[in-house]
Every structure is written in structure tokens, then in C-alpha cells.
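Just so it is clear, the structure is predicted and the values come from calculations on it, not from any experiment. Counting starts at 1 for both ligands and their atoms, following the listed order.
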Amino acid sequence: MASFAIQPVHRFHGQSQPVRRPKEFTCFSYDGTHTLHLDDRSLRWYYPPQEPNADLSRGFETFDKHDDSGDEHLDSLLEAITAHEQTTQAKIDAQVVTWRGMMTKVIMATPYDDRDGYIEENHEYKAASRREQEARQNRPPPRPHPDRPWFPPDVMSFWGYKFETLSTLPRPWGEMTRDQIEGRGAETVSNKAQYCSVVRTGIGSNILCLGGEVDAVWDSKPAVPGKPIRWVELKTSQDIQSPRDLEFFERKLLKFWIQSFLLGVPTIVVGFRSRHGRLVRLEEISTETIPGNVKMRAASSNSPVPWDGDTCINFAAAFMDWLRATMVSPDSDADNDGVWRIRRKPGSPHIEVFRVEETGHGRILPDTFLNWR
Ligand code: A3P
Ligand code: MG
Ligand code: MG
């Protein structure tokens with residue numbers, strides 16, 4: 001086993017390592033039954049909600065929820081990459097291929113996130129945390145309080161999907177009827193359909209290929225491949241009414257920023273909601289201004305800076321350099337086969353990396369990908 005020290009974080013302070021602008025080179029979609037298609041059919045267009053004070057709980061009873069208990073590994077991402085390589089007759093040059101979500105949680109947010117432990121893509125671990133969450137959900141609400149309503153976590157997570165349904169259209173505005181636009185509040189909410197962007201990006205000396213869901217496009221996707229796309233990330237968050245709320249929101253902004261930064265999403269639209277799940281206001285936030293603004297606000301209120309974006313980038317660059325050096329033998333004839341696990345125990349100051357299988361690819365790489373490669 002090898003381990004990478006997270007602390008002291010100040011090792012990663014200072015000017016950021018170079019970062020490449022993420023460029024989409026392919027995409028794929030899941031349709032309304034979560035069936036994969038190597039095209040952009042599930043792309044959606046941003047169009048702000050029309051109904052004032054919309055109730056984000058409306059339709060929870062008919063939520064068409066994707067069952068994510070099965071492990072999908074990297075299958076769809078690798079399928080999209082294979083198709084792209086076959087079309088272009090060229091192999092992608094990334095040293096790291098992963099989901100954007102993995103990169104956010106496991107690597108970039110780590111210097112400021114010591115509460116979550118994880119063994120990503122380790123199914124037993126995920127099942128155990130799900131059982132824990134279910135046990136929590138079945139507990140009675142803490143203590144009824146008129147100003148502090150309590151909603152089960154699954155309702156609160158529905159609010160996010162409901163907001164997406166209220167804020168997007170399946171086609172550009174000009175192709176929609178007024179009834180369709182105004183009828184969004186009554187639509188069945190589903191999280192089965194997704195559009196996923198696949199980008200080439202770089203952090204420090206690492207070239208990455210990342211796949212991740214994008215919620216909507218602001219206007220249209222440019223016809224020229226590789227041009228910046230005006231993506232919109234949609235988020236809900238509790239309305240900010242106290243300094244404590246602001247502090248909480250600014251900590252959430254770390255994940256919002258990393259998530260959008262990694263795919264080159266320039267705008268985040270936050271739907272602020274009341275404690276009762278009513279949409280109270282929208283705010284458009286420019287992704288690139290987030291780290292600077294968080295620091296500026298801290299300075300102006302004489303409070304400690306909650307997080308630093310450059311530190312996240314430098315941490316990710318250093319960790320990936322180390323990971324590659326650890327896993328890949330410099331001897332080109334050496335056997336670099338096998339399956340490794342990346343692990344961080346809750347609160348641990350280290351990330352651990354160890355080989356769990358000496359040979360093979362576990363079930364991580366599908367045959368279609370291996371045969372092509
Ligand atoms: P919010 O982010 O508005 O809460 P994303 O913003 O990443 O596209 O995710 C869309 C929605 O999925 C989230 O909306 C939230 O409702 C739900 N969601 C995402 N991750 C979740 C998690 N770990 N637990 C519960 N719900 C989650
Ligand atoms: Mg999303
Ligand atoms: Mg979103």
C-alpha cells in the first residue's frame with residue numbers, strides 16, 4: 001500500500017498549476033428509460049421557471065426515479081470514447097479517464113473535505129452507506145418547529161430534479177409552444193434522461209478525459225467542435241438569511257465550482273428555496289468568479305477564507321502525478337496490469353492506494369473497450 005498525505009494543506013498553496021480549458025470531443029445521452037445512445041438527444045435548453053414561488057415538492061409522488069444501485073462503472077463513458085476513436089481512427093491521449101463526479105469528490109475537494117470517507121466504486125461500501133441513509137430516513141422527524149419544517153432526504157433530493165424540470169426545455173424556446181413552456185410545473189419529474197459531455201482537459205502535467213452530466217445549454221451548442229459551450233449548471237440551495245446560512249452556502253460553492261470548472265461550465269443558476277421547498281429567487285453565478293469572490297467576502301468580513309481554488313488545483317495535480325508514478329512502473333516492459341483501489345477513511349489525513357487484484361481489469365473495463373484497444 002502507498003499513501004499520499006493530504007495534510008498539511010499549505011504545501012499546495014500558491015499560484016495554480018496550468019489548467020487546460022476543457023473541450024468537449026464527444027457526448028452521449030441516456031433517454032427516458034436510461035438507455036444509452038451515442039448522441040445528444042437528451043440535451044436540454046435553459047429557460048427560467050415561469051411560476052412564481054413554485055412548490056418544488058409538487059409531483060414527488062410520481063417521481064420517476066432512476067435506480068442507481070447497480071454499478072455502471074465507466075461503461076457508457078468508455079463506449080463513447082471507443083466510438084469516437086473508431087470514427088477518428090486515433091486514440092485519445094489522456095492518462096486518466098474518469099467521471100467528473102469522481103474527480104470532484106475524490107480528488108479536487110479533498111483538501112477541504114475531511115468528513116466524507118469513501119471507497120469509490122466499491123459496491124459493498126456504497127450499499128452500506130445506503131442502508132445507513134435508509135435507517136436515518138425511517139427515523140421520525142427530529143422536533144416539529146413551525147419555522148423549521150422537516151422533509152425526508154428523498155423529498156429534498158427531489159427538489160433538485162424538480163428545479164431542473166422547471167428550468168429547462170427539451171428543445172430551443174422558439175420550437176416550443178406557450179402551453180408546453182407553461183406546463184412544466186405539471187410534468188412528471190424523472191432523472192433517467194441525461195446528457196453527458198465528454199471533455200479533454202488538463203491539470204498540471206496530467207491530461208484527463210472526463211465525462212459528466214450537464215444540465216442545459218444557455219442558447220445553442222456551437223457548430224464548430226471544441227469551441228466553448230455556454231453550459232448551464234442548475235443547483236438548488238436554501239435561501240441565505242443569516243451569516244450562518246452564507247457560510248454554509250460558501251462551503252457548498254466549493255463543490256459547485258469544482259463540478260462546473262472541470263467540464264468548462266461557465267454559468268451556474270442557483271434556485272434559492274425556502275425551508276418549505278418553495279422557489280424564492282434565481283441567481284446566475286459566473287463559475288470563474290467564485291473562488292475570488294469567496295476570498296473577497298472572507299477578507300471584507302475578517303473571517304478565515306473557507307477554501308482556495310488554486311489549492312484544489314495544485315492538490316489534484318500533485319495527487320495525480322503521484323498516483324501515476326505509484327501505479328505505472330517506469331519500466332515499460334513491466335506488467336502494469338491489475339486493479340487498484342483509492343481509499344480515504346473518514347477524517348484520515350491520507351489517501352491510500354493499493355492493488356486489489358494483481359492481474360486483469362476487474363469488471364471495470366468492458367470487453368468491447370478491451371477488444372478495441
Ligand atoms: P441540487 O444540486 O439542486 O440539490 P446536479 O446538480 O449534480 O446535476 O444534481 C442534480 C440533483 O440531483 C441535485 O440537485 C440533487 O437533488 C440530486 N442529487 C445529486 N447528488 C445527490 C446526492 N449525493 N444525494 C442526494 N441527492 C443528490
Ligand atoms: Mg445535473
Ligand atoms: Mg445540477
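Among the atoms of L234, an N, O or S atom is found under 2.8 Å from the Mg ion (ligand 3). For residue E213, an N/O/S atom approaches the Mg ion (ligand 2) to within less than 2.8 Å.
Looking at E233, its N, O or S atom nearest to the Mg ion (ligand 3) turns out to be OE2. Between the Mg ion (ligand 3) and the N, O or S atoms of D215, the shortest distance is to OD2.
Two rings, from W372 and F369, have their centers 6.0 Å or more apart. Side-chain rings of F315 and F4 approach one another, their centers coming within less than 6.0 Å. The ring of Y47 has its center no closer than 6.0 angstrom to the ring center of W218.
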| request: Please report the C-alpha distance between L279 and D55 in whole Å, then the side-chain angles of each, then the deciding distance to 0.1 Å, and finally whether the side-chain contact (heavy atoms from CB on, under 4.5 Å) criterion is met. | output: CA-CA 7 Å; L279 190 57; D55 179 4; over 6 Å; no
| request: Determine, stepwise, if the pair T104 / K255 fulfils side-chain hydrogen bond (donor to acceptor under 3.5 Å, both in side chains). | output: CA-CA 7 Å; T104 305; K255 294 263 176 74; over 6 Å; no
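Interface of E164 with ligand 1, defined as ligand atoms under 4.0 Å from a residue heavy atom, comprises 8 (O), 10 (C). Counting atoms of ligand 1 from 1 in the listed order, those under 4.0 Å from a heavy atom of E233 are 5 (P), 6 (O), 8 (O). The distance from ligand 1 to the heavy atoms of E213 drops below 4.0 Å at these ligand atoms: 8 (O). Near D215, with a cut-off below 4.0 Å to any heavy atom, the atoms of ligand 1 are 8 (O).
Side-chain contact check for D179 and T177: no donor-acceptor pair (N or O, by modelled atom type) lies under 3.5 Å. Between the side chains of S57 and W159, at least one donor-acceptor pair of N or O atoms lies under 3.5 Å.
The shortest heavy-atom distance from Y161 to ligand 1 is under 4.0 Å.
Cation-pi geometry between R200 and F25 is not met at under 6.0 angstrom from the ring centre and within 45 degrees of the axis.
At a heavy-atom cutoff of 4.0 Å, ligand 1 is contacted by the backbone of L234 but not by its side chain.
At under 3.5 Å, a nitrogen or oxygen of T236, whether backbone or side chain, sits near a nitrogen or oxygen of ligand 1.
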